[in-house]
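This report refers to the structure that appears directly beneath it.
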Amino acid sequence: MAPGKPQQQDQGKAPQEGGASKGKKRGKGRRGNFEDDYGYSRRDQNLAKPPDQEKLTETQLKEELVRNLSCVDPAKMKNRVVWDANEKGFILAQDEEQTIHMFHLDSELIFKDSQEEIKEYPFSLSEEVEDPEFVEKKSPPPASADPSSSNDGISDEQKATEEAEDADEKEEIAQAKEEKPTKLLNQFNFCERASQTLNNPIREHSAQTVPPPRSSYKDYCNAWIIYDLYESDTANRPKATKKVAAGGGGGEGEEGEEGEKKEGAEGEEKKDKAKDTKKDKEREGKVAAKEKVRVRKASILEGTAAQEAALAKSAEGLKILERLVMQNVFNDVLHDFKYYEDASDEFRETGEGTILPLWKFAYDRAKKHHVTSISWAQSEPDMFAVSYGSFNFMHPILDGMVLIWSLRNTAFPEHIWMAPKGAMSCAIHPLQDCLVAVGLYDGNVALLQLRENEENSNRSVILKNCHIVMKHRSPIWSVRWADNDMDNNPNFYSCGMDGQVIHWVIDPSASGGGGGLSGTPIATLHLPVPPVQGPDGTNYNLFGCARAMAIHPKERSTFLVGTAEGNIFQCSMLYGSRFQQIYNAHFLPVAALEWNYFHPDVFLSCSEDWTIKVWDRNDSEPMYVFEIGVAILDCAWAPYSSTVFAAVTEEGKTLVYDLNVNKEKPICCQQVVTKKKVRPNRIAFNPYYPLIVVGDDRGQLTTLKLSPNLRNLPRDPKGHIVDGEPRVTFEINKMTKLLSLVRDPESVTGPKTLTLADEKQAKNVLSIMGAGKK
Amino acid sequence: MSNNEVEEAIKRIMSHKGVVGLIVINHEGIPIKSTLENSLSVQYAAQVTQMVDKTRSMIKELDNNNDLTFIRLRTKKHEVLVCPEKEYSMIVIQNPIDT
């Protein structure tokens, strides 16, 4: 239909609309091609007509046909009849509705001015309500149309008549109307009110920091990579197992790994554990390709082996732990050591004291050795060095060792050094307690340096200069440190059975061989006897075999040497073989010698001839002689008093004397080791604590605590302990008093001292020779 | 200390009176050597690691130059000794000896 219409239009009229159009040629009555709104042009009018199209006349063509759309179904039956039983005949059937109601909405909109509006809204919104006609209508709500129309007519009349008369009334009504509220009412009588506050404008303010530097890391992980890593790991492990297998520590590694093993392989592993040989482990490591489970187990083992190897490097903690454990085990001993003071000392009238045994130190490899020397470290009050060798020359035990013990760990020494020959003496340097000088059985000296080894960063004993040119031809009985020389090199003296005293200097920069240790003989101990004739007639000068040596604490160039013949030589480092004095001290070898710590002239000597003697060096006769009745093996002055000394006897007793208290009897006499089975060889006082250490010939060391009576310290009137200079003076005075008691002023025998002239001469000679440094 | 000496030292510690067990743990807190059974070792290791960290942080916070040397923990039943190191920590459980 649609295409039909434009055709007709075009033929009939020429559209003259302007406006939005194609913009092509337009015009009235212009012939030619122009387009109408539909885009058709006249050209198109030469339509293709089918041949059988009906030909109509012009008038017929102009006829307008109207088409309507209705909802009447043209195909519907119009005359449908149905039989009705009531009528007993056919009746027209009701037409069924052909429409389906799909949606129904009640409208609330009412056409204005319609009757419905008037009905429902007596009060209307529009201003036209002010019309008086309407006003009248409002009072009685009109129901029908007729009354409204009649009202209209009446109102018109009224209007015409009343207009002039009731102009005021209208105004009143109008005013009254205005006063009435023009509110829109709803069912709920709801009225809404709102107001809006000012909205504050929002402003945004921000700051940005410099982002932290980032780097991204990417990597891949999948099953193959993991597998490769495992393979390379197991390839590396066999090296570690071999090391451990050699060390024999793998067995414990296995035990430790039990928990980590896979359960599936437990049966096999237990079987393996039963064998537990080195070969097995190596085989396991090589057999890594056998089973997957086995591989894993081997790698765990080897992993721990590598771990253990690394563990060995940083095992300082074990040391500390051991000390902790020791502390626990010997907790009561520790308390005694620190705090226990024998209260009964106060009640002893004779000033006697007791010594309380504390710890025992024993090393299982030193069981057969004799303790040959004990030396406390001056700077660390709990450390001491002990040398083990043999005093039994008939059946000497050839090897020996030097152990550094600490009071903190009594089960195991801090450092161990095995000596190739028995160690006969040792001494810790008074200032640098990492240096230990050792004299050996074969005449060599050894210098131990306790230093951290760079390799495993642990303290280890590094031996220096063990086998240099032998200077001594016999066992070295004593080594003693002297003060550092002018170049600040540590040096020490050793005296041996060959009668020589050799001075050793540690000079790392020295060009001589031996790594910096060089020795110079200082003195030879000629015995004060005329030369003896040998079998072939030559004269031999006899040498004394040095047994003990002591360097004066103050005059560092003076020292004493005791010999096996019982003589004591007082020598000086400057004089060489010329002695200042010779004392005929004992009949049997001098066992020990020591200078008094305070009094410069007093020294102590003891010997196997059952005596202990206290000497004043200016006298050739001893000041005090103590006849014990048993061979004395060692004696030592106490570092805290000038009148206290201790000694050990062959019977196993320790004697402590305090000359201030009792000049004849010891204030303590106590058995410290088993009688007759064990001989205590050495005794040493701890420089700080009231402790003495006794070493015996079973390689054992016993520490003993001195009771208060044995260590009476001088107190000033206030009760504080005197210390420093006044103390030294006090001690010296104490001793002097004691000496003066004994000394007979007239019968002092002059010592054989060198005169001043001789001294100078000797010095010159020696300086030319270049020997003997102070 | 060589590996041998480490073993010897451990044996020695174990032989002392009252020592119940010894555990060596690595820096991750995994026991690598123990004389106790595994579950107990792992428990000890876990607890001790935390305690060591906490203690160390406490000491460092109080004084930055200070550091932890060892811990002694006395309990009713026994005493736990811990010695932490850079890579390893060592734990010993010991029964204190009553005199």
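In what follows, chains are A, B, ... by sequence order, proteins preceding strands, each numbered from 1. As the structure is a prediction and not an experimental result, all values here were calculated from the model.
- Every residue two or more places apart in sequence or in another chain that forms a side chain to side chain contact (heavy atoms under 4.5 Å, CB included) with K367(A) is listed here: D364(A).
- Contacts between L36(B) and chain A at a heavy-atom distance below 4.5 Å are absent for every atom of the residue.
- In this structure, CG in L81(B) is found 12.0 Å from CD in E322(A), a value given to the nearest 0.5 Å.
- For I226(A), the side chain to side chain contact (heavy atoms under 4.5 Å, CB included) partners are C221(A), Y230(A), not counting sequence neighbours.
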After noting the C-alpha distance and the side-chain angles of K17(B) and N328(A), does the key distance pass the side chain to side chain contact (heavy atoms under 4.5 Å, CB included) rule?
-> CA-CA 9 Å; K17(B) 261 200 281 181; N328(A) 274 345; over 6 Å; no

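- The distance from the CZ atom of F330(A) to the NE2 atom of H16(B) is 7.5 Å, given to the nearest 0.5 Å.
- Interatomic distance, CD of E79(B) versus CG of N331(A), reported as 8.0 Å (0.5 Å rounding).
- Here the shortest heavy-atom pairing between L321(A) and I91(B) reads CD1-N, 4.2 Å.
- With values rounded to the nearest 0.5 angstrom, R323(A) atom CZ is found 12.0 Å from I13(B) atom CD1.
- At a heavy-atom cut-off of under 4.5 Å, chain A is reached by F70(B), R72(B) from residues 54-73 of chain B, listed in order of number.
- Under the side chain to side chain contact (heavy atoms under 4.5 Å, CB included) criterion, E341(A) pairs with K705(A), P708(A), R711(A), not counting sequence neighbours.
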